[in-house]
S.K.: 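Mind looking over this structure? Questions follow.
Every value quoted in this text rests on a predicted model; they were computed, and no experiment measured them. Per chain, numbering begins at 1; letters A, B, ... match sequence-line order.
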There are 4 protein chains.
Amino acid sequence: MAHTSASSAGSGAKAPDSSRRSERSRQAIFDAALALVGEVGYDKLTIEGIASRAGVGKQTIYRWWPSKAAVLLDAFTAGIDEDYEKGLPDTGDLAADLKTVLRATADEFNDHAFQAPYRALAAAGANDEELSRTFVARLMEPGTQVYVNRLRRAQEAGEVAADIDVRVAVEMLLSPFSQRWLMRTGELTHAFVDTLVDQALRGLRPRD
Amino acid sequence: MAHTSASSAGSGAKAPDSSRRSERSRQAIFDAALALVGEVGYDKLTIEGIASRAGVGKQTIYRWWPSKAAVLLDAFTAGIDEDYEKGLPDTGDLAADLKTVLRATADEFNDHAFQAPYRALAAAGANDEELSRTFVARLMEPGTQVYVNRLRRAQEAGEVAADIDVRVAVEMLLSPFSQRWLMRTGELTHAFVDTLVDQALRGLRPRD
Amino acid sequence: MAHTSASSAGSGAKAPDSSRRSERSRQAIFDAALALVGEVGYDKLTIEGIASRAGVGKQTIYRWWPSKAAVLLDAFTAGIDEDYEKGLPDTGDLAADLKTVLRATADEFNDHAFQAPYRALAAAGANDEELSRTFVARLMEPGTQVYVNRLRRAQEAGEVAADIDVRVAVEMLLSPFSQRWLMRTGELTHAFVDTLVDQALRGLRPRD
Amino acid sequence: MAHTSASSAGSGAKAPDSSRRSERSRQAIFDAALALVGEVGYDKLTIEGIASRAGVGKQTIYRWWPSKAAVLLDAFTAGIDEDYEKGLPDTGDLAADLKTVLRATADEFNDHAFQAPYRALAAAGANDEELSRTFVARLMEPGTQVYVNRLRRAQEAGEVAADIDVRVAVEMLLSPFSQRWLMRTGELTHAFVDTLVDQALRGLRPRD
DNA sequence: ACATAAACGAGACGGTACGTCAGGTCTTTCA
DNA sequence: TGAAAGACCTGACGTACCGTCTCGTTTATGT
């Protein structure tokens with residue numbers, strides 16, 4: 001998977017030659033950024049700190065990224081590199097499939113190493129429209145899409161009513177989850193996941 | 001409604017005498033903070049900027065608040081001061097009541113003056129656990145509670161199935177709304193609100 | 001002895017009623033100022049520090065003195081209160097008399113408690129003309145004058161040549177002493193004092 | 001003559017790379033410091049003021065000097081850079097030679113542009129032992145030494161008695177001069193200089 | 001293999017804001 | 001009503017980073 005910079009622009013400025021880029025530095029910067037955001041938090045994460053920890057000149061960061069948020073976004077997505085192509089499991093039991101996946105996701109979101117950068121990026125996105133578009137497109141949208149696809153298939157199979165807006169249905173499933181985590185309004189337990197799936201699916205079934 | 005400072009702590013440090021506090025300065029700081037966050041955004045909002053705009057010494061801000069986030073939170077809540085006691089309307093038609101209120105809320109969230117501080121606080125909360133607790137308790141929880149109450153009443157009236165977890169049901173209603181707005185994953189239109197309410201209620205009805 | 005403020009001015013400002021002044025506070029301020037200048041040095045001596053140490057409001061200091069230098073000057077002179085009226089001893093042996101007094105003075109100047117405030121005042125005077133006039137008039141001039149008187153008497157007795165400028169002669173005796181101490185260009189030893197007196201007197205004797 | 005920074009130390013802190021130093025900034029800082037000390041006086045001289053006037057970041061000053069006194073000392077000595085190697089004139093007439101030089105020095109000390117920084121440094125030195133050592137070594141000692149050398153030569157020529165302590169003799173000549181100026185105890189007129197030289201030399205001559 | 005040009009590490013630079021300290025003024029409260 | 005207490009506005013402190021800009025030093029072709 002290619003990880004282009006978060007800033008695609010570069011209108012007038014002379015672009016650096018990315019073929020001569022030091023892979024070594026790039027990786028060291030990612031490692032440093034992720035380590036530091038976990039240690040000191042996003043607010044105290046600095047370009048200087050990353051450069052110093054990575055054993056890299058500041059200019060090497062400024063040459064390739066426009067902001068610390070962009071660095072972190074690239075670092076995080078490079079570390080994820082997950083395979084959305086498989087899609088959700090489809091055992092025929094929609095509720096069971098959703099519970100399986102969401103329980104696993106809950107465990108992931110409860111992992112400390114994962115929290116700091118993800119939270120930081122979500123927060124930075126709230127105040128920076130361009131960043132949030134990239135964040136959503138790169139990280140959130142693919143994850144959402146697999147749910148949409150799974151529900152679409154269930155809909156075709158008659159498991160879900162035809163007049164259901166699948167997109168909204170997925171949001172009803174995932175947003176309470178994201179919201180609890182991001183705003184710390186509640187724990188992400190397996191019990192919560194189960195209740196969420198059960199109640200969400202109640203409304204999707206075709207009426208008699 | 002009393003708005004105490006976001007930092008209730010005061011462990012070892014000697015607290016200033018709040019009875020001698022200048023109400024004039026307090027109000028000027030709130031006005032400046034809200035105006036500036038709208039003009040320059042949260043990241044470029046500075047304590048110095050607030051102090052200067054408010055015609056106030058920096059120390060007067062540091063004396064009463066621990067961070068710019070705390071200032072903004074107090075400023076924002078002081079400006080809201082809304083009356084949650086009335087609760088949601090109850091015309092007997094749950095769907096209609098919810099649509100009415102959520103459409104109005106959508107309009108409010110689409111208002112520019114409201115966006116900047118709210119977004120900023122939500123974002124700051126993501127990286128600062130203590131702040132997020134205050135933010136949730138002061139701003140989000142009361143708003144959520146009125147929905148919980150309304151649904152509880154509907155449940156008692158038999159409009160909503162007895163085995164429904166009302167809290168989760170409210171989250172299914174409100175989180176997609178908040179999420180769309182915060183992450184900019186979609187527009188907050190009246191059509192979206194209507195679909196959301198309709199699909200959410202589908203699952204709540206008692207089964208035949 | 002009356003200790004008027006170092007700033008005699010006070011042209012337009014309404015003068016406080018000095019008859020109602022708290023002698024208790026005044027003394028506490030002097031004690032605090034002298035103690036602190038010895039502990040932290042002149043540069044880190046602050047009005048707030050003096051007020052706090054003296055258990056006194058800041059305004060009580062600002063009411064009666066215009067600057068920390070003025071406080072210190074009053075504190076120091078109040079603590080000295082020496083008796084210049086006796087004048088120098090006159091045993092008939094000018095050299096012996098001078099050596100006796102200057103050796104004692106050297107010991108005094110080498111005393112730590114004496115150094116800090118005196119140095120501080122001399123330094124402050126270098127940059128503040130008005131203060132230096134007061135400092136000189138109150139502390140240096142009286143001390144110089146007793147030497148002038150003693151030499152004048154010696155001149156009348158024929159021990160010192162009639163065409164000698166006594167004032168300059170005294171400066172030749174005392175300035176090397178002060179200079180060494182203030183600028184730390186040398187030690188104030190008894191040997192130095194003796195050499196100084198001997199060489200200074202050599203030029204004063206009437207010529208054959 | 002090389003003018004190294006007043007802070008020779010650099011014990012634990014990592015020293016900046018002086019080969020990359022901006023000569024432009026260095027000179028601008030000197031100019032600003034000297035101009036400002038003349039305009040506002042030493043007490044109101046601030047690092048921020050110097051930086052701003054010099055068009056320089058504050059850190060550029062803090063990187064190279066430990067205090068405003070050190071800046072001023074370097075600025076002043078860089079501006080002097082005088083040539084002590086020539087020594088005092090030696091026409092064979094000691095009194096005339098001394099009067100010539102001291103009259104010129106008196107004129108220099110009466111020059112306004114010279115006064116502010118020199119006074120400031122002398123004063124700062126009184127309260128800061130390390131600074132005073134540098135001040136004396138860099139500015140006062142070389143000036144004193146040329147007098148010592150001249151007198152030594154005169155002593156060898158038999159013009160001055162062999163048992164005279166030349167160092168003390170020079171102090172008797174120069175200290176009254178410095179003292180009058182620093183403490184403002186008198187004017188530095190040519191008449192004063194002449195009297196001083198004449199009376200000082202009276203005691204130096206070999207006895208019959 | 002060598003020249004050359006770009007990326008690189010390092011870090012000085014002009015700036016902005018930080019959070020703290022003290023200055024000097026003003027108001028409130030107490031004895 | 002003088003003095004304690006201390007909140008207030010002001011402004012400088014010394015520090016941390018910002019983003020830009022040289023400096024030599026690799027490094028990686030492309031002739």
S.K.: The side chain of D:S22 lies closest to which of these nucleotides: E:dC13, F:dC9, E:dC8?
M.R.: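 Out of E:dC13, F:dC9, E:dC8, the nucleotide with an atom closest to D:S22's side chain is E:dC13.
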S.K.: Is any side-chain N or O of A:W64 closer than 4.0 Å to OP1 or OP2 of E:dA6?
M.R.: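 The answer is no; no side-chain N or O of A:W64 sits under 4.0 Å from OP1 or OP2.
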S.K.: Before accepting this row, confirm whether a basic side-chain N of the pair A:D74/A:R138 lies closer than 4.0 Å to the acidic partner's carboxylate O.
M.R.: yes
S.K.: Can you see which heavy atom on A:A33 is nearest to which on A:V71, and at what distance?
M.R.: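 Closest approach of A:A33 to A:V71, heavy atoms only: CB-CG1, 4.1 Å.
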S.K.: Would you give me the side-chain donor-acceptor pairs under 3.5 Å for residues 36-48 of chain C, sequence neighbours excluded?
M.R.:
| residue | atom | partner | partner atom | Å |
| --- | --- | --- | --- | --- |
| C:E39 | OE1 | C:R53 | NH2 | 2.7 |
| C:E39 | OE2 | C:R53 | NH2 | 2.8 |
| C:T46 | OG1 | C:G49 | N | 2.8 |
| C:E48 | OE2 | C:K58 | NZ | 2.8 |

S.K.: Return yes if a side-chain donor-acceptor contact under 3.5 Å exists between C:R119 and C:Q115, otherwise no.
M.R.: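 Yes, a side-chain donor-acceptor pair sits under 3.5 Å.
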S.K.: Nearest heavy atom decides the nucleotide; on that basis, is A:D17 or D:A51 closer to the 5' end of DNA chain E?
M.R.: A:D17
S.K.: What pairs with A:R133 under side-chain hydrogen bond (donor to acceptor under 3.5 Å, both in side chains), at least two apart in sequence or on another chain?
M.R.: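 Per chain and number, A:R133 pairs via side-chain hydrogen bond (donor to acceptor under 3.5 Å, both in side chains) with A:E129.
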S.K.: For E:dG14, does OP1 or OP2 lie under 4.0 Å from any side-chain N or O of D:T60?
M.R.: yes
S.K.: Once you round it to whole Å, what is the distance between C1' of E:dG9 and CZ of A:R53?
M.R.: 18 Å
S.K.: Please encode protein proximity along nucleotides 21-31 of chain E as a string of B, S and -, counting only heavy-atom distances under 4.0 Å.
M.R.: BSBBBBBB---
S.K.: Measuring centre to centre across the rings, with the benzene-like ring taken for any Trp, is B:F135 within less than 6.0 Å of B:F76?
M.R.: no
S.K.: What integer distance in Å separates B:I61:CD1 from F:dC8:P?
M.R.: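 These atoms are roughly 11 Å apart.
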S.K.: Of all residues at least two apart in sequence or in a different chain, which pass the side-chain contact (heavy atoms from CB on, under 4.5 Å) check with C:S52?
M.R.: none
S.K.: How close or far is atom P of F:dT29 from atom CZ of A:R21, stated in whole angstroms?
M.R.: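 In whole Å, F:dT29 P lies 16 Å from A:R21 CZ.
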S.K.: Round to a whole Å and report the spacing from CH2 of D:W65 to P of F:dG14.
M.R.: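 For the pair D:W65 CH2 and F:dG14 P, the rounded distance is 15 Å.
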S.K.: Can D:R21 be said to sit on top of D:W64's aromatic six-ring, NZ or CZ under 6.0 Å from centre and within 45° of the ring axis?
M.R.: yes
S.K.: With the threshold set at under 4.0 Å for non-hydrogen atoms, list the residues of residues 31-39 of chain B touching DNA chain E in residue-number order.
M.R.: none
S.K.: Could you tell me which non-hydrogen atom of A:I50 sits nearest to which non-hydrogen atom of A:A32, and how far apart they are?
M.R.: O-CB, 3.7 Å
S.K.: Once rounded to the nearest 0.5 Å, what's the spacing between atom CG of B:L131 and atom OG of B:S67?
M.R.: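 Nearest 0.5 Å value for the CG-OG distance: 6.5 Å.
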S.K.: Can you tell me the distance, in whole Å, between the CZ atom of D:R24 and the C1' atom of E:dG14?
M.R.: 11 Å
S.K.: Please list, by residue number, the residues of residues 118-127 of chain A whose heavy atoms come closer than 4.0 Å to an atom of DNA chain F; answer none if no residue qualifies.
M.R.: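 None, since no heavy atom is under 4.0 Å.
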S.K.: Rounded to whole Å, how long is the line connecting atom CZ of D:R63 with atom P of F:dG14?
M.R.: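 Going from CZ in D:R63 over to P in F:dG14 covers 16 Å.
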S.K.: When you check the phosphate oxygens OP1 and OP2 of E:dG9, does a side-chain N or O of A:S25 lie under 4.0 Å from one of them?
M.R.: yes
S.K.: Looking at C:V56, is its backbone amide N or carbonyl O close enough to the side chain of C:T60 to form a donor-acceptor pair, meaning the two atoms are under 3.5 Å apart?
M.R.: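 No; zero donor-acceptor contacts below 3.5 Å.
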